[in-house]
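Down below is the structure, laid out as structure tokens.
Just so you know, ligand 1 is whichever comes first in the structure, and atom 1 is the first atom listed for that ligand.
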Amino acid sequence: MFAKITAAAHAAPQNVVSNDKLSTIMDTSDEWIYSRTGIKNRHISTGENTSDLAIEVARKILDQKNLDASELDFIIVATITPDSMMPSTAARVQGAIGATNAFAYDLVAACSGFVFALSTAEKLIQAGQKKGLVIGAEVFSKILDWSDRSTAVLFGDGAGGVLLENTGRKPLVLAETLRTDGLRGDKLRSGLTKLKSPFVEGRSEEMALTMDGRAIFDFAVRDVPKNIAQTIEKAELTSDDIDYFILHQANSRILDKMAKKLGANRDKFLQNMAEYGNTSAASIPLLLSESLENGKLSLETNQKLVLTGFGGGLTWGTMIIQL
Ligand code: ACO
């Protein structure tokens, strides 16, 4: 038996903030944001923390499958905006839903987090675990520097996740290539902690997110398409064999360039960043879940999908999966 995605769900805070609304609180415009990113709205939490969104996703999945939480073997939450480092967001989910037999942990790989987590979870299933939740969840709004218009307009809050079970009759993963380049890590940073003890002089400061936008754009359009092409080749497929490309929702211009470089039909690149902005580790499962809901994707087909994350670390990675 192989790992299979048997359900998916998503959640986002109710509060929708449009580009026009942002332009009332900072020096920006709908025209600037939309033309450069494809983003129109983002959901910004006024109450929920990251675990609340992840718990909502977990509960929706359990309801869909009429599954008792005690049947889960593991829960992985990909996030860089945990409620706390300890307990982890995954532990909060485990406790809240009563997954008494599950081990749970967070995985930190920024916008590649869901892909890295799904890859890990598939190995857990191959190693004998039966059922697990893989969730990407972020309340990104709490780590943004709201006085920095160059980053504040890009991100949003949300969560998505899947149930993975050992009930597949064919391999879920046709090929995968996961990468990290820590030497370029300072191009995108958040949550820097500094030494702070009676033995250290000076005061520590908390740092909000910082990003070298140009460098990240270049990384996304240079390294990432190569990674996708290499993985498609590894699977002995061509881009024509891929039904849909479900890529991290950072920016629609990045998707334009990727499609061009891969010689792939742009219509196959699904997107929802217009509604959610960049939700980091949540963006891929959120799009996957929405696309299942609106019928673009179906779990009972053999659709072949490219899932690609890219972001802080730097991290990037592609999985080609068959539903
Ligand atoms: N509204 C209006 N003007 C703005 C804004 C804003 N929100 N932000 C910046 N500007 C101004 C700048 O100050 C600059 O003005 P200047 O020329 O007078 O100095 C001008 O707009 C152009 O700024 P650039 O940064 O050069 O704009 P660029 O065309 O490069 O677009 C962007 C910026 C959209 C951030 C682009 O670099 C990009 O998409 N980078 C990739 C970022 C990304 O996707 N990050 C996330 C991926 S990783 C992850 O998901 C964690």
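- Among all protein heavy atoms, the one lying closest to atom 46 (C) of ligand 1 is N278 ND2, 3.4 Å.
- A cation-pi arrangement is found for K40 relative to Y34, the charged atom lying closer than 6.0 Å to the ring centre and inside a 45° cone about the ring normal.
- The single protein non-hydrogen atom nearest to atom 39 (O) of ligand 1 is N251 ND2, 2.6 Å, given as residue, atom name and distance.
- A salt bridge does not link R184 with D218: none of the charged nitrogens is closer than 4.0 Å to a carboxylate oxygen.
- A distance of 6.0 Å separates SG of C111 from CD1 of I80, quoted to the nearest 0.5 Å.
- Residues V306 and T318 meet the side-chain proximity criterion, which asks for heavy atoms closer than 4.5 Å.
- Near V153, meaning under 4.0 Å from any of its heavy atoms, are these atoms of ligand 1: 7 (N).
- Within a 6.0 Å sphere centred on CD of Q230, other residues, nucleotides and ligands contribute more than 12 heavy atoms.
- Assignment of I33 to the shell around ligand 1 is not supported, since no heavy atom sits closer than 4.0 Å.
- Side-chain atoms of V173 and S119, non-hydrogen and from C-beta on, never get closer than 4.5 Å to each other.
- Between F140 and F155, the ring planes lie parallel to each other; the angle is under 30°, not in the 30° to 60° tilted range.
- For ligand 1, the polar-atom distance check finds no N/O of F310 at less than 3.5 Å from any of the ligand's N/O atoms.
- At least one heavy atom of D27 sits closer than 4.0 Å to an atom of ligand 1.
- H10 and Y276 have perpendicular rings, their planes meeting at more than 60° on a 0 to 90° scale where under 30° would count as parallel.
- Using a 4.0 Å threshold on non-hydrogen atoms, atom 7 (N) of ligand 1 counts as touching the protein.
- Every atom of ligand 1 with a heavy atom of I216 under 4.0 Å away is listed here by number and element: 43 (C), 45 (N), 47 (C), 48 (S).
- Within 4.0 Å of atom 10 (N) of ligand 1, at least one protein heavy atom is present.
- Ranking the protein heavy atoms by distance from atom 41 (C) of ligand 1 puts G213 O, 3.5 Å first.
- Both the backbone and the side chain of T28 come within 4.0 Å of ligand 1, counting heavy atoms alone.
- There is no protein heavy atom less than 4.0 angstrom from atom 14 (C) of ligand 1.
- Ion pair E165/K131 flagged as a salt bridge, since at least one NZ, NE, NH1 or NH2 atom sits closer than 4.0 Å to an Asp/Glu carboxylate oxygen.
- At the shortest separation from atom 12 (C) of ligand 1 among protein heavy atoms lies R149 NH2, 3.9 Å.
- At a distance under 4.0 Å, no protein heavy atom can be found next to atom 19 (O) of ligand 1.
- Residue R36 holds the heavy atom nearest to atom 28 (P) of ligand 1 of all those in H248, E31, R36.
- The single protein non-hydrogen atom nearest to atom 36 (C) of ligand 1 is R253 NH2, 4.0 Å, given as residue, atom name and distance.
- Residue contacts with ligand 1 for S150 involve both N, CA, C or O and side-chain atoms from C-beta outward (heavy atoms, distance under 4.0 Å).
- M211 SD, 3.2 Å is the protein heavy atom nearest to atom 45 (N) of ligand 1.
- Q249 places no side-chain N or O within 3.5 Å of a backbone atom of T279 that could act as its donor or acceptor partner.
- Of the protein's heavy atoms, W32 CH2, 3.9 Å lies nearest to atom 33 (C) of ligand 1.
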| query | Where do N49 and R92 land on the side chain to side chain contact (heavy atoms under 4.5 Å, CB included) test, with the steps shown first? | reply | CA-CA 11 Å; N49 210 331; R92 289 174 187 269; over 6 Å; no
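- Distances below 4.0 Å separate heavy atoms of G311 from the following atoms of ligand 1: 48 (S).
- Ion pairing of K123 with E176 is present here, as a side-chain N (NZ or NE/NH1/NH2) and a carboxylate O approach within less than 4.0 Å.
- Within a 4.0 Å radius of atom 48 (S) of ligand 1, the protein contributes one or more non-hydrogen atoms.
- Atom CH2 of residue W316 and atom CD1 of residue I228 lie 12.5 Å apart, to the nearest 0.5 angstrom.
- For atom 1 (N) of ligand 1, a protein non-hydrogen atom is found at a distance below 4.0 Å.
- Annotation for ligand 1: atoms under 4.0 Å from non-hydrogen atoms of A250 are 44 (O), 47 (C).
- Looking from atom 26 (O) of ligand 1 to the surrounding protein, the closest heavy atom is R214 NH2, 2.7 Å.
- Residues R149 and D27 are paired through a salt bridge, judged by an N-O separation under 4.0 Å between the basic side chain and the carboxylate.
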